[in-house]
Novice: 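Below is a structure I'd like to ask you about.
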Amino acid sequence: MTPRAIGARNAGRGPPDAVWLLLVVSVLTVLGGYVAVRAWVLSFTHDESLSYFASVQQSLSSVLLSHGTDSNNHPLNTVAMTVGEAVLGQSEVALRWASLAAFVVYGVSLVVLLLRVERRSLRALGLALAVANPYVLDFFSLARGYGLALALVAASALFTLDFAERPAAARAMAATGLGAAAAVANFSALTYFLAVLAVIVVAVSVPARTGVTGAALGRIAAAVSLPVLAVVLLVVVPLLRLRSEGELYFGGERGFWRDTAYRLITSTLYRRGWDALAVVLVVLVAALVVVGGAAAVRSIARRSLPPHAAAFLLLAIPGLVSVAQHVIFGTRFLLERTALFFVPLFAIWLALALDVAARRPRFATAITTGAVVLAAAACVNLVSAANLSYVLDWRYDATTERVVGALAGTPSAPRPVALGVSFLFDPTTRFYRETRFHWLPECPSPDCLGQRADYYYVIGPDVALVRRRGARVLRVYATSGGVLARGAARQG
């Protein structure tokens with residue numbers, strides 16, 4: 001059922017869609033403001049800084065083809081950082097502009113897609129699960145490829161479901177083109193692209209489709225050929241090279257549910273130690289997937305592909321591919337940020353599937369009530385995790401910019417100041433040295449703690465190391481866990 005048909009069906013049932021859309025736009029505007037403020041004030045992070053040095057200064061062809069780069073190169077983000085630096089300068093927000101734009105695309109795509117859902121409580125559930133997620137919002141404030149991939153996955157899913165209802169070459173090109181761009185934005189989305197291709201194959205194989213003639217199939221095949229070629233050249237070939245070089249080291253080894261599902265849920269809960277709740281949520285998700293999978297398989301077996309079945313394929317196939325890759329090639333399971341695209345896919349599928357189940361009067365009240373409770377819980381989780389200090393995966397860099405900047409204003413420390421830092425702080429320290437604090441001398445060796453320094457900014461075991469050198473702790477930063485210490489030569 002198309003959004004227009006649903007709107008007609010809903011005529012006279014509660015507030016019109018215009019009121020619902022106004023409310024949604026207002027909420028998304030607030031969240032967009034939160035994302036934008038964080039992009040402005042948060043310190044640059046370890047991986048952003050590595051991308052800046054290792055990739056932004058490469059040629060465009062090297063970036064897109066991933067020549068001479070490593071796994072920190074997220075091609076579309078790298079290109080966007082280059083453009084941002086050339087046009088807007090070297091500030092954090094200038095380098096993060098593309099992720100901010102991606103949030104707009106992400107929100108709009110989800111709103112339009114969820115107009116297919118008849119019950120507004122279930123639309124709210126879908127949006128809350130996909131958008132009111134503190135871990136997801138982190139990546140719309142960073143110069144990384146994950147936010148871009150999320151936006152492109154959401155937009156691609158919109159056109160993929162359109163194609164499942166009304167197969168046409170233009171929709172196939174939009175669905176696969178956006179899916180291919182998502183994979184280029186972040187290579188982990190390759191499994192999603194394969195799911196889009198599978199949905200297209202299933203959709204044109206349903207005999208109830210009238211008008212999908214041989215000529216139409218030819219046009220559809222031609223439409224998807226270019227995105228497929230782009231993925232092979234820009235994603236598959238670089239992935240094979242990165243694998244041969246041992247660069248695909250981030251991931252899990254314990255299984256899909258323990259690594260991908262459980263760790264994604266604990267990250268959604270912002271790793272606040274709610275392990276028991278995370279286990280309950282994993283079991284709930286697994287149960288929903290089993291029941292929803294049975295419903296989707298039943299529909300496909302009956303030679304039909306309703307929206308909830310197409311959405312289930314988009315959700316389930318990446319997981320199955322991930323398991324198959326691990327079994328056949330020993331590939332690591334998607335973990336935390338590399339599995340982020342499962343969040344909107346799950347939210348979309350759940351809203352569509354529950355909408356179908358709620359058409360049975362005996363289930364409607366329970367489903368509606370459950371949807372409101374889950375949506376409210378998601379919002380509470382976001383509000384309780386919201387902050388303007390750090391992002392979850394790189395919390396240790398929360399105060400790096402502040403520490404380096406503070407040394408510039410230390411009366412007792414005439415510049416230049418030799419600064420020794422832990423490995424975790426080194427990339428971001430170098431970023432700020434090059435873009436803002438030019439007076440800070442470079443480390444004479446790759447190991448910034450291999451020499452005595454005027455000041456140290458360290459974390460973990462390095463704190464004991466510098467204290468053995470006679471350094472005196474000046475300040476401990478609770479948010480990041482970093483410690484600023486004055487070297488023995490500067491004391492007295």
Side-chain angles (χ1 to χ4, degrees), residues 38-57 70 72 81 85 89-96 142-143 387-492:
R38 298 182 90 219
W40 186 277
V41 302
L42 291 178
S43 171
F44 230 49
T45 64
H46 184 104
D47 283 24
E48 289 178 293
S49 301
L50 289 177
S51 292
Y52 179 83
F53 287 110
S55 300
V56 170
Q57 298 174 357
D70 57 23
N72 272 290
M81 290 176 74
E85 182 180 44
Q90 295 176 317
S91 68
E92 295 91 339
V93 71
L95 297 171
R96 294 166 169 168
L142 299 178
N387 71 86
L388 299 179
S389 303
Y390 66 93
V391 292
L392 187 63
D393 281 356
W394 297 278
R395 182 168 181 162
Y396 56 82
D397 260 328
T399 51
T400 305
E401 185 271 343
R402 190 194 317 171
V403 168
V404 178
L407 292 179
T410 303
S412 60
R415 296 181 292 181
V417 173
L419 176 65
V421 298
S422 293
F423 164 79
L424 289 177
F425 301 137
D426 179 54
T428 303
T429 302
R430 286 191 290 123
F431 169 78
Y432 283 114
R433 178 189 296 122
E434 177 160 320
T435 61
R436 190 177 309 171
F437 305 115
H438 304 288
W439 52 267
L440 187 65
E442 294 186 18
C443 294
S445 64
D447 181 8
C448 283
L449 289 180
Q451 57 172 340
R452 294 189 177 275
D454 300 320
Y455 287 87
Y456 297 99
Y457 184 50
V458 290
I459 194 170
D462 291 338
V463 177
L465 172 65
V466 300
R467 294 191 71 172
R468 286 196 297 269
R469 293 180 180 175
R472 180 168 61 88
V473 172
L474 298 178
R475 182 171 180 181
V476 177
Y477 295 88
T479 302
S480 64
V483 173
L484 178 64
R486 178 178 294 180
R490 286 284 175 179
Q491 296 182 33

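None of the values given here were measured: they were computed from a predicted structure.
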Novice: For a quick test of reading the model, state the closest non-hydrogen atom pair linking Ser422 to Asp462 and the distance between them.
Specialist: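 So the minimum-distance heavy-atom pair works out to OG-OD2, 2.7 Å.
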Novice: Any chance OH of Tyr477 has more than 12 other-residue heavy atoms, nucleotides or ligands included, within less than 6.0 Å?
Specialist: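 More than 12 heavy atoms, drawn from other residues, nucleotides or ligands, come within 6.0 Å of this atom.
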Novice: If you look at every heavy atom in Ser389 and Ala398, which pair is closest and at what distance?
Specialist: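 What the structure gives for the nearest pair is O-CB, 3.4 Å.
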Novice: A side-chain contact here means heavy atoms from C-beta on lying under 4.5 Å apart; do Arg430 and Tyr52 qualify?
Specialist: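 The answer is no; the side chains never approach within 4.5 Å.
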Novice: What orientation do His46 and Tyr396 show, parallel under 30°, tilted 30 to 60°, or perpendicular over 60°?
Specialist: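 Answer is perpendicular, since the angle exceeds 60°.
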Novice: Please confirm whether the backbone N or O of Asp397 pairs with a side-chain atom of Ser480, one donor and one acceptor, at under 3.5 Å?
Specialist: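 Between the backbone of Asp397 and the side chain of Ser480 there is no qualifying donor-acceptor contact (under 3.5 Å).
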Novice: I'd like to check Glu48 versus Leu142 (side-chain heavy atoms, cut-off strictly below 4.5 Å). Are they in contact?
Specialist: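 Yes, at least one pair of side-chain atoms sits under 4.5 Å.
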Novice: Has the side chain of Arg395 got a donor or acceptor atom that lies under 3.5 Å from a matching backbone atom of Tyr390?
Specialist: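 A pair under 3.5 Å: no.
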Novice: Just verifying a value: how many Å separate Ser49 OG and Arg433 CZ, rounded to the nearest 0.5 Å?
Specialist: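 Nearest 0.5 Å value for the OG-CZ distance: 11.5 Å.
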Novice: Once rounded to the nearest 0.5 Å, what's the spacing between atom CG of Leu484 and atom CZ of Arg475?
Specialist: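 If I round to the nearest 0.5 Å, the distance is 9.0 Å.
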Novice: For a 4.5 angstrom cut-off between non-hydrogen side-chain atoms, does Arg38 reach Arg96?
Specialist: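 Side chain of Arg38 against side chain of Arg96, heavy atoms only: no contact under 4.5 Å found.
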Novice: Do Tyr455 and Leu474 come within less than 4.5 Å of each other through their side chains, counting heavy atoms only?
Specialist: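 Tyr455 reaches Leu474 side chain to side chain.
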Novice: Can you find a heavy atom in the side chain of Leu419 that is under 4.5 Å from one in the side chain of Leu440?
Specialist: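 Sidechains of Leu440 and Leu419: in contact.
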Novice: Do the ring planes of Phe44 and Phe431 sit parallel (below 30°), tilted (30 to 60°) or perpendicular (above 60°)?
Specialist: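 Plane angle under 30°, so parallel.
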Novice: Which atom pair, heavy atoms only, marks the closest approach of Gly405 to Phe437?
Specialist: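 Looking at all heavy atoms of both residues, the shortest contact is CA-CZ, 3.4 Å.
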Novice: Taking the side chain from Ser91 and the backbone from Ala94, do they hold a donor-acceptor pair closer than 3.5 Å?
Specialist: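 It does hold such a pair.
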Novice: Would you check if Asp454 and Leu407 make a side-chain contact, meaning some heavy-atom pair closer than 4.5 Å?
Specialist: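 Side-chain contact under 4.5 Å: no.
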Novice: Can you name the nearest heavy-atom pair linking Leu424 to Ile459, along with the distance?
Specialist: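 Closest approach of Leu424 to Ile459: CD1-CG2, 4.1 Å.
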Novice: Quick one, Thr399 and Ser43 - any side-chain contact, counting heavy atoms below 4.5 Å?
Specialist: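 Contact flag for Thr399/Ser43 side chains = no.
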Novice: Minimum heavy-atom separation for Ala453 to Gly420, with atom names?
Specialist: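 Reported closest heavy-atom pair: CB-N, 3.5 Å.
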Novice: Can you tell me how far OG1 of Thr45 sits from CD of Glu92, rounded to the nearest 0.5 angstrom?
Specialist: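 Rounded to the nearest 0.5 Å, the CD-OG1 separation comes to 10.5 Å.
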Novice: Would Phe423 and Leu449 count as a side-chain contact (heavy atoms from CB on, under 4.5 Å) here? Give the steps.
Specialist: CA-CA 8 Å; Phe423 164 79; Leu449 289 180; over 6 Å; no
Novice: Look up atom CG in Leu42 and atom OG1 in Thr400, then write down how far apart they are to the nearest 0.5 Å.
Specialist: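 OG1 of Thr400 is found 11.5 Å from CG of Leu42.
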Novice: Do Arg467 and Tyr456 come close enough that some side-chain heavy atom pair is under 4.5 Å?
Specialist: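 A side-chain contact under 4.5 Å is absent here.
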